[in-house]
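Input: a single structure, listed below in structure tokens.
As a basis for the values below, the full set of heavy atoms in this structure was taken, side chains included, without hydrogen atoms, waters or symmetry mates. The shown structure was predicted, so the numbers you read here are calculated from the model rather than taken from an experiment.
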Amino acid sequence: EVQLVESGGGLVQAGGSLRLSCAASGFTFDDYGIGWFRQAPGKERDIVACISNSDGRTYYGNSAKGRFTISSDNAKNTVYLQMTSLKPEDTAVYYCAAVPSDLIDIATRSDYDYWGQGIQVTVSS
């Protein structure tokens with residue numbers, strides 16, 4: 001079965017760093033891109049970053065530019081989100097999701113086929 005499992009979340013102080021992992025199984029990893037999304041209480045679920053596992057193309061949402069880095073280890077079927085200079089406003093539940101690689105440049109939330117259950121990231125002041 002298809003499975004996406006997030007790990008690496010937790011509590012960190014403002015200015016700190018955290019690395020999230022998304023372990024994928026049950027589908028052809030190289031044919032998909034993986035996106036990281038986040039949702040804070042009362043807010044929409046928004047894209048943070050995404051990466052194509054076929055050619056390494058990346059995209060970053062405005063909140064992540066200059067602070068976060070997405071990367072992929074195809075041998076491990078795992079995508080990472082390295083977060084630095086964390087701010088309290090980064091507090092949210094973070095989700096990873098899979099989309100066909102050919103759609104990644106134009107994909108919206110509805111195009112993502114598979115989703116993890118999410119993991120909490122809390123940044124304290």
Side-chain angles (χ1 to χ4, degrees):
E1 64 182 53
V2 172
Q3 188 169 318
L4 294 169
V5 180
E6 302 95 339
S7 62
L11 176 65
V12 64
Q13 291 185 337
S17 300
L18 209 60
R19 188 177 75 160
L20 304 182
S21 298
C22 175
S25 61
F27 62 94
T28 304
F29 189 77
D30 291 351
D31 291 341
Y32 281 78
I34 300 294
W36 284 99
F37 294 77
R38 70 185 188 185
Q39 187 167 22
K43 296 186 177 181
E44 297 180 343
R45 186 176 299 187
D46 292 326
I47 187 73
V48 178
C50 59
I51 185 168
S52 170
N53 296 327
S54 62
D55 60 15
R57 289 173 293 157
T58 59
Y59 169 86
Y60 293 94
N62 290 334
S63 64
K65 292 178 180 177
R67 298 190 299 130
F68 298 176
T69 302
I70 190 168
S71 61
S72 179
D73 186 340
N74 287 29
K76 296 181 178 180
N77 286 6
T78 300
V79 170
Y80 305 96
L81 183 68
Q82 180 68 50
M83 304 186 291
T84 61
S85 301
L86 284 163
K87 305 173 182 178
E89 49 263 47
D90 295 317
T91 295
V93 175
Y94 285 70
Y95 302 85
C96 65
V99 64
S101 289
D102 289 345
L103 299 179
I104 197 165
D105 290 340
I106 60 172
T108 62
R109 286 193 301 274
S110 63
D111 295 311
Y112 282 77
D113 295 324
Y114 313 118
W115 290 82
Q117 67 179 8
I119 190 165
Q120 180 71 44
V121 171
T122 302
V123 183
S124 62
S125 301

Item to check | Nearest non-hydrogen partners of Ser101 and Gly33, listed with the distance | outcome: OG-N, 3.4 Å
Next on the checklist: Just checking Gln13: does its CD atom have more than 12 heavy atoms from other residues, nucleotides or ligands closer to it than 6.0 angstrom?
Outcome noted: no
Checklist entry - Going hydrophobic residue to hydrophobic residue with side-chain gaps under 4.5 angstrom, can you get from Ile104 over to Ile51? => result no
Item to check | Step-by-step side chain to side chain contact (heavy atoms under 4.5 Å, CB included) determination, Ser124 to Leu11 | outcome: CA-CA 7 Å; Ser124 62; Leu11 176 65; 4.3 Å; yes
Checklist entry - Between Ile119 and Gly9, what is the shortest heavy-atom contact and its length? => result CD1-N, 3.3 Å
Item to check | same_hphob_cluster(Leu4, Tyr95) at 4.5 Å side-chain heavy-atom cutoff | outcome: no
Checklist entry - CG/Asp30 to OG/Ser54 distance, rounded to the nearest 0.5 angstrom? => result 7.5 Å
Checklist entry - In Å, rounded to the nearest 0.5 Å, how long is the span from CE of Met83 to OH of Tyr94? => result 5.0 Å
Next on the checklist: So Asp90 and Val121, do their side chains get closer than 4.5 Å, heavy atoms only?
Outcome noted: no
Next on the checklist: Grouping I, L, V, M, F, W and Y whenever their side-chain heavy atoms are under 4.5 Å apart, do Leu81 and Ile47 come out in a common cluster?
Outcome noted: no
Next on the checklist: Can you give me the closest heavy-atom contact between Val99 and Leu103, atom names plus distance?
Outcome noted: CG2-CB, 4.2 Å
Checklist entry - Do Val48 and Leu86 share a hydrophobic cluster (ILVMFWY, side-chain heavy atoms under 4.5 Å, transitive)? => result yes
Next on the checklist: How close do Ser85 and Ser17 get, counting heavy atoms only, and between which atoms?
Outcome noted: N-OG, 4.5 Å
Checklist entry - Under 4.0 Å between a Lys/Arg side-chain N and an Asp/Glu carboxylate O for Arg38 and Asp46? => result no
Checklist entry - Can you name the closest pair of heavy atoms from Asn77 and Asn74 and give their distance? => result OD1-O, 2.9 Å
Checklist entry - Hey, is the main chain of Gly118 close enough, under 3.5 Å, to the side chain of Glu6 for a donor-acceptor pair? => result yes
Item to check | Under 3.5 Å: donor-acceptor pair, side chain of Arg45, backbone of Arg109 | outcome: no
Checklist entry - To the nearest 0.5 Å, how far apart are CG in Asp31 and OG in Ser52? => result 9.5 Å
Next on the checklist: Suppose the criterion is ring-ring contact (aromatic ring centres under 6.0 Å, His included): which pairs have a residue in residues 35-93, not counting sequence neighbours?
Outcome noted: Phe37-Tyr112, Phe37-Trp115
Checklist entry - Looking only at atom types and distance, does a side-chain atom of Thr78 sit under 3.5 Å from a main-chain N or O of Lys76, one as donor and one as acceptor? => result yes
Checklist entry - Are Tyr114 and Val79 grouped together when hydrophobic residues (ILVMFWY) are joined by side-chain heavy atoms under 4.5 angstrom apart? => result yes
Next on the checklist: With rounding to the nearest 0.5 angstrom, report the CD to CG distance, Gln82 to Leu20.
Outcome noted: 9.0 Å
Next on the checklist: As an exercise, state the distance from OG of Ser72 to CG of Asn53, rounded to the nearest 0.5 Å.
Outcome noted: 4.0 Å
Item to check | Gap between atom OG of Ser71 and atom CZ of Arg19 - 0.5 Å precision | outcome: 7.0 Å
Checklist entry - Should Val2 and Ser25 count as side-chain neighbours, where that means a heavy-atom distance under 4.5 Å? => result no
Checklist entry - What heavy-atom pair brings Gln120 and Thr91 nearest, and what distance separates the two atoms? => result NE2-CG2, 3.8 Å
